[in-house]
Amino acid sequence: MPKTMIEPFRIKSVEPIRMTTREERVRLLEEAKLNVFKLRAEDVLLDWLTDSGTGAMSSAQWAAIMLGDESYAGARSFFRLEAVLKDITGMAHLVPTHQGRAAEKVLFSAVCKQGDVVPNNCHFDTTRANLEFNGVEALDLVIAEGLQPSLIHPFKGNLDLEKLEDLLKKEGHRMPFGMITVTNNTGGGQPVSMANIRAVSALLKKYGKPFIMDVCRFSENAMFIKLREEGYQHKTIKEICQEMFSYADGCTMSAKKDGMVNMGGFIMLRDDRWLDAVRNMLILTEGFPTYGGLAGRDLEALAVGLVEGMDEDYLRYRLRTAEYLGEKLEAIGVGFVKPTGGHAVYLDAKTVLPDMPVEHYPAWSLCNALYLEGGIRGVEIGSVMFGKHLDDGTETYHSMELVRLAFPRRMYTQSHFDFAAEVIADVKANARHIRGVKITKQPKYLRHFTCECEWA
Ligand SMILES: *Cc1c(COP(=O)(O)O)cnc(C)c1O
């Protein structure tokens with residue numbers, strides 16, 4: 001076989017993208033208060049802000065949309081999705097929600113209380129925010145390797161078992177459940193090994209605690225297990241997924257990731273201990289139990305997408321995409337989280353801007369520079385996202401300054417990635433001209449989405 005890995009699809013419908021000039025982009029970014037979240041998507045050339053809900057649906061998904069049953073209660077589309085999810089997860093109860101954070105909100109407000117603590121490898125930002133909003137302490141217990149961007153380890157998303165056992169011993173009385181996120185988005189899209197999932201499950205069971213997985217990227221995680229973990233080479237992706245789910249008591253998912261749809265989410269629960277409380281909360285905030293926050297057609301598209309997302313040719317190409325950009329970054333000397341994760345490449349801003357003080361937000365500044373140089377939109381995963389502005393006016397900072405370039409599924413081709421690598425090389429070459437920022441306006445939660453900045 002030739003060694004070039006091609007996109008395993010052909011394009012049936014196209015969406016033009018627009019080039020802008022540098023002068024335009026300077027004006028547009030300043031109008032957006034130096035926050036790329038506030039740009040109009042039309043003014044972006046390569047939109048790698050997120051892989052969430054941004055991918056291309058297949059012809060089979062669009063066809064399924066026409067089959068949507070929009071009945072208020074007991075729609076056929078619910079039972080179709082339920083059958084697919086029962087098969088993959090082995091869990092009994094499907095609770096559909098409009099997206100991942102709604103699943104989190106419904107589950108946490110039904111099950112957690114003020115003063116609780118919930119561990120995870122790394123909580124995603126909405127997960128952390130929804131826990132903290134309920135007065136719950138959200139702890140990140142990823143292995144030490146997972147916090148070192150340049151260190152190579154096959155499963156940097158693994159959870160530190162010693163730290164978990166320590167927490168269970170000391171704080172078990174206030175832990176309603178334990179979590180793990182596959183893949184570990186916040187820590188670089190890094191996979192969690194089957195061995196680690198199994199061990200976390202056993203440890204939680206030993207202390208009588210339920211195990212909830214955040215499974216936004218379960219298929220990508222399964223592909224990493226197939227490629228990297230002894231004993232899984234000859235298993236199908238579906239078999240690997242089934243084993244992963246077999247260790248959990250429940251899961252939350254943003255279907256906008258490996259569900260291959262533009263909107264959707266759900267909770268699955270193995271048994272009915274929390275079911276009534278969860279469904280009550282669902283009815284209050286999302287909708288009737290057989291549609292949650294979704295239309296019947298959304299449920300249909302998701303039922304097809306979950307299966308397409310486990311296709312091995314697709315997953316091989318998907319993981320190769322990030323790896324390919326990583327190879328180009330290596331060649332130009334830009335640091336990134338290694339090895340590359342499933343859905344994104346995380347640039348290490350400290351390798352491009354080693355002298356910029358953290359008070360000027362190096363990752364945020366690199367993000368701005370990528371837009372100014374080539375119309376690329378990424379997202380800062382650093383001290384704007386995870387730092388905090390305290391009531392006394394002081395700031396806390398994040399341990400890493402990363403820029404995530406996240407790739408929508410089945411949307412961009414190899415030449416887009418070649419172009420991006422050239423833009424990043426130009427940014428690095430001109431790094432001494434990159435300006436830092438200061439924050440002039442910010443909300444209390446999730447400040448990166450809406451904060452306003454000025455040049456520092
Ligand atoms: C996207 C994401 C969520 C939240 O899902 P939304 O659909 O954006 O609300 C939760 N956890 C992880 C790991 C995610 O990647």
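Numbering of ligands and ligand atoms starts at 1, following listing order. For the numbers below, each heavy atom of this structure counts, side chains included, while hydrogens, waters and symmetry mates do not.
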Once side chain to side chain donor-acceptor pair (under 3.5 Å) is applied, what residue pairs with a partner in residues 250-269 remain, sequence neighbours excluded? Asp258-Arg409

Which ligand 1 atoms are under 4.0 Å away from a heavy-atom of Glu104? 10 (C), 11 (N)

Would a distance-only check, ignoring hydrogens and angles, find a side-chain to backbone donor-acceptor pair under 3.5 Å from Glu380 to Ala363? no

Taking atom types as modelled, find out whether Glu308 and Tyr314 have a side-chain donor-acceptor pair closer than 3.5 angstrom. no

Any idea which protein heavy atom is nearest atom 3 (C) of ligand 1, and the distance to it? Phe124 CD2, 3.3 Å

Could you check whether any side-chain heavy atom of Met281 comes within less than 4.5 Å of a side-chain heavy atom of Val278, counting everything from C-beta outward? no

Can you sort out which atoms of ligand 1 are near Gly100, meaning under 4.0 Å from one of its heavy atoms? 5 (O), 6 (P), 7 (O), 9 (O)

Near Lys256, which atoms of ligand 1 are under 4.0 Å from a heavy atom of that residue? 7 (O)

For atom 4 (C) of ligand 1, what's the nearest protein heavy atom and its distance? Thr126 OG1, 3.4 Å

With a cut-off of 4.0 Å, which atoms of ligand 1 are near a heavy atom of Thr181? 13 (C)

Provide, to 0.1 Å, the distance between atom 11 (N) of ligand 1 and the closest protein heavy atom, together with that atom's residue and name. Asp214 OD2, 2.7 Å

Polar-atom distance check: Cys216 versus ligand 1, any N or O pair below 3.5 Å? no

Any donor-acceptor N or O pair under 3.5 Å, side chains His98, Glu286: yes

Answer yes or no: does an N/O atom from Thr183 fall short of 3.5 Å to an N/O atom of ligand 1? no

Quick note on ligand 1: atoms under 4.0 Å from a heavy atom of Arg101 include exactly 4 (C), 5 (O), 6 (P), 8 (O), 9 (O)

Exercise: do Thr183 and Gln190 side chains pair donor with acceptor under 3.5 Å: no

Could Arg198 and Glu243 be called an ion pair, given the rule that one side-chain N must be under 4.0 Å from one carboxylate O? yes

Check ligand 1 against Ser254 and write out every atom of the ligand that is under 4.0 Å from a heavy-atom position of the residue. 5 (O), 6 (P), 7 (O)

Taking the side chain as every heavy atom from C-beta outward, state whether Thr340 and Tyr346 have any atom pair closer than 4.5 Å. no

In the protein, which heavy atom is nearest to atom 6 (P) of ligand 1, and how far is it? Gln99 NE2, 3.3 Å

Will you find, in the side chains of Asn120 and Arg128, an N or O donor that is under 3.5 Å from an N or O acceptor? no

Can you tell me the protein heavy atom closest to atom 2 (C) of ligand 1 and the distance? Lys257 NZ, 2.4 Å

